[in-house]
Number of protein chains: 2
Amino acid sequence: MLDFKTALETLRNYLKEHEMRFTTERMIILEEIFNFPPHFDAEKLFIHIRSKYNHISRATVYRALELFDKIGIIKKLNLGGGVAQYELKMDLPHHDHLICVVCGKVIEFVDDTIERLQQEIAEKHGMEIINHQLQIYGRCKEHRKQ
Amino acid sequence: MLDFKTALETLRNYLKEHEMRFTTERMIILEEIFNFPPHFDAEKLFIHIRSKYNHISRATVYRALELFDKIGIIKKLNLGGGVAQYELKMDLPHHDHLICVVCGKVIEFVDDTIERLQQEIAEKHGMEIINHQLQIYGRCKEHRKQ
DNA sequence: TCATCTATGAGAATGAGTCACAATTTATGT
DNA sequence: ACATAAATTGTGACTCATTCTCATAGATGA
Ligand SMILES: [Zn+2]
Ligand SMILES: [Zn+2]
Ligand SMILES: [Zn+2]
Ligand SMILES: [Zn+2]
């Protein structure tokens, strides 16, 4: 279900329902996200897109990313490093991230126990959870010290 | 052990060992951190300090925060919102954060099971953990919807 | 006190991200 | 296809947090 065609359909439907326009720029940006590494930042995506379509502006890329995030096609992440990262979402299940501080590699994981414990912690403090993020920073197999 | 005197000693020792200067600016900034809310950002701290000591510059505050973080007197946090947050650290135990998206209130917590599970997850992927952060965003007691 | 060399203040520079606005495109009805 | 209205785009200016530059001030050790 995480293919370009489906995403494009989702986009088309959302735009129609909200009296917004389906533009080639939005289509191109969505397509290029599917050609791109699974975790990326806006600037790298813009450079990549610009190299193929030199009329598409930085602002349009940022605006599209914001839109796709709102629709739920992608998810904006806060992995540290001062730059927002994005990943395709669609109906992928929630997950958290292991990040190698040497090479930047990102590994995804889910742990149901951790998810459940978070609920319990929030309840204990009277809080209603909206979302959460767990980042584990370390050195990956290739870069750990022996 | 989390008092100003001890922190000042730590600072003095570090500076001496590294052929760096003990300055009144560094002392004042450290002192004001102890007069400040437990989670703060650089700009608010700067404004506060500036109101009492109008010669201290923004750059010096930022440089001191970087230094104190390196020494381990404070900890730089990434709670989202695009601005770095800081908290006193010294030898306080590790903890994570619940954050109210309405009022910004921050609640600290630790859960040993979650901590242990993270170790297991990292090992399963061959990663050596350096650190981690877990942020739970939600609505606090006062701001949750009934 | 003096010499040395680090730290500071001021403001310029950077970098990610946003905004304003004129020009362009899309969607819709004819 | 055409006209119209409204949304979108490209450009460049702008914001905001943070870092950098560099001349001057200040701390330290002899
Ligand atoms: Zn690595
Ligand atoms: Zn991911
Ligand atoms: Zn609240
Ligand atoms: Zn805290």
Side-chain angles (χ1 to χ4, degrees), chain A residues 8 11-32 39-71 74-86 104, chain B residues 8 11-32 39-71 74-86 104:
Chain A
L8 201 59
L11 176 60
R12 266 188 202 284
N13 295 339
Y14 181 94
L15 293 173
K16 180 149 285 175
E17 284 166 20
H18 292 75
E19 298 178 324
M20 294 168 74
R21 306 280 157 86
F22 181 83
T23 64
T24 50
E25 288 79 9
R26 285 173 173 158
M27 190 186 65
I28 288 171
I29 294 168
L30 184 58
E31 187 172 26
E32 294 304 328
H39 298 88
F40 61 92
D41 64 60
E43 192 63 16
K44 289 215 188 63
L45 179 65
F46 167 65
I47 299 292
H48 171 72
I49 288 175
R50 198 59 183 266
S51 73
K52 301 173 70 170
Y53 306 91
N54 76 74
H55 73 282
I56 294 184
S57 75
R58 175 177 278 108
T60 300
V61 172
Y62 276 91
R63 288 187 282 232
L65 288 172
E66 190 185 3
L67 172 66
F68 298 167
D69 180 54
K70 189 198 294 181
I71 301 181
I74 65 177
K75 185 165 162 53
K76 184 175 189 172
L77 305 173
N78 167 222
L79 302 184
V83 189
Q85 304 283 132
Y86 297 85
Chain B
L8 201 60
L11 175 59
R12 266 188 202 285
N13 295 339
Y14 181 93
L15 293 173
K16 179 149 283 173
E17 284 166 19
H18 291 76
E19 299 178 323
M20 293 169 75
R21 306 280 154 85
F22 181 84
T23 63
T24 50
E25 287 80 9
R26 283 172 175 161
M27 190 186 65
I28 288 171
I29 294 167
L30 184 57
E31 188 173 25
E32 295 305 328
H39 298 89
F40 61 92
D41 64 61
E43 191 64 17
K44 286 213 191 66
L45 179 65
F46 167 66
I47 299 292
H48 171 71
I49 288 174
R50 199 58 185 267
S51 72
K52 300 174 71 170
Y53 306 92
N54 75 74
H55 73 282
I56 294 182
S57 77
R58 175 178 277 109
T60 300
V61 171
Y62 275 91
R63 287 188 283 233
L65 288 172
E66 190 184 5
L67 173 66
F68 299 167
D69 181 54
K70 191 198 293 180
I71 300 180
I74 65 176
K75 186 163 163 52
K76 185 176 188 172
L77 304 173
N78 167 222
L79 302 185
V83 188
Q85 303 283 132
Y86 297 86

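This structure is a prediction, so every number in the text was calculated from the model and none was measured. Within every chain, numbering begins at 1; the chains are lettered A, B, ... in the order of the sequence lines, protein sequences first and strands thereafter.
- Between B/Thr24 atom OG1 and B/Arg21 atom CZ the span is 13.5 Å, to the nearest 0.5 Å.
- A sub-4.0 Å separation between OP1 or OP2 of C/dG17 and a side-chain N or O of A/Tyr62 is present.
- Contact of the B/Tyr86 side chain with the B/Leu45 side chain is not registered, since no non-hydrogen atoms from C-beta on lie closer than 4.5 Å.
- Bracketed by its first and final contacts, the part of DNA chain D lying under 4.0 Å from non-hydrogen atoms of chain A reaches from D/dA6 to D/dT11 in 5' to 3' order.
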* **Protein proximity profile, nucleotides 5-15 of chain C - base contact B, sugar-phosphate-only contact S, no contact -, cut-off 4.0 Å on heavy atoms** => BSSBBBB----
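- Contact annotation: the side chain of B/Thr23 never approaches that of B/Leu15 to less than 4.5 Å [non-hydrogen atoms, C-beta and beyond].
- Contact of the B/Leu77 side chain with the B/His39 side chain is registered, since non-hydrogen atoms from C-beta on lie closer than 4.5 Å.
- The shortest distance between side-chain heavy atoms of A/Leu8 and A/Phe22 falls below 4.5 Å.
- Spacing between atom CG of A/Asp41 and atom P of C/dA16 amounts to 8 Å, rounded to whole angstrom units.
- By the 4.5 Å heavy-atom criterion applied to side chains, A/His48 and A/Phe40 are not counted as neighbours.
- Only one option out of A/Met20, A/Arg63, A/Glu31, A/Arg12 pairs with A/Arg26 in a side-chain contact (heavy atoms from CB on, under 4.5 Å); it is A/Met20.
- Looking only at side-chain heavy atoms (C-beta outward), A/Tyr53 and A/Glu25 stay at 4.5 Å or farther from each other.
- Between B/Lys76 and B/Phe68, the closest side-chain pair of non-hydrogen atoms is not below 4.5 Å.
- For the helix from C/dT1-D/dA30 to C/dT30-D/dA1, the axis fitted to the five pairs at one end and the axis fitted to the five pairs at the other end meet at an angle of 30° (nearest 10 degrees).
- A/Phe46 contributes atom CZ, which lies 12.5 Å from atom CG of A/Asp41 (distance to the nearest 0.5 angstrom).
- Both B/Glu66 and B/Thr24 lie close to DNA chain D; mapped to their nearest nucleotides by heavy-atom distance, the more 5′-ward contact belongs to B/Glu66.
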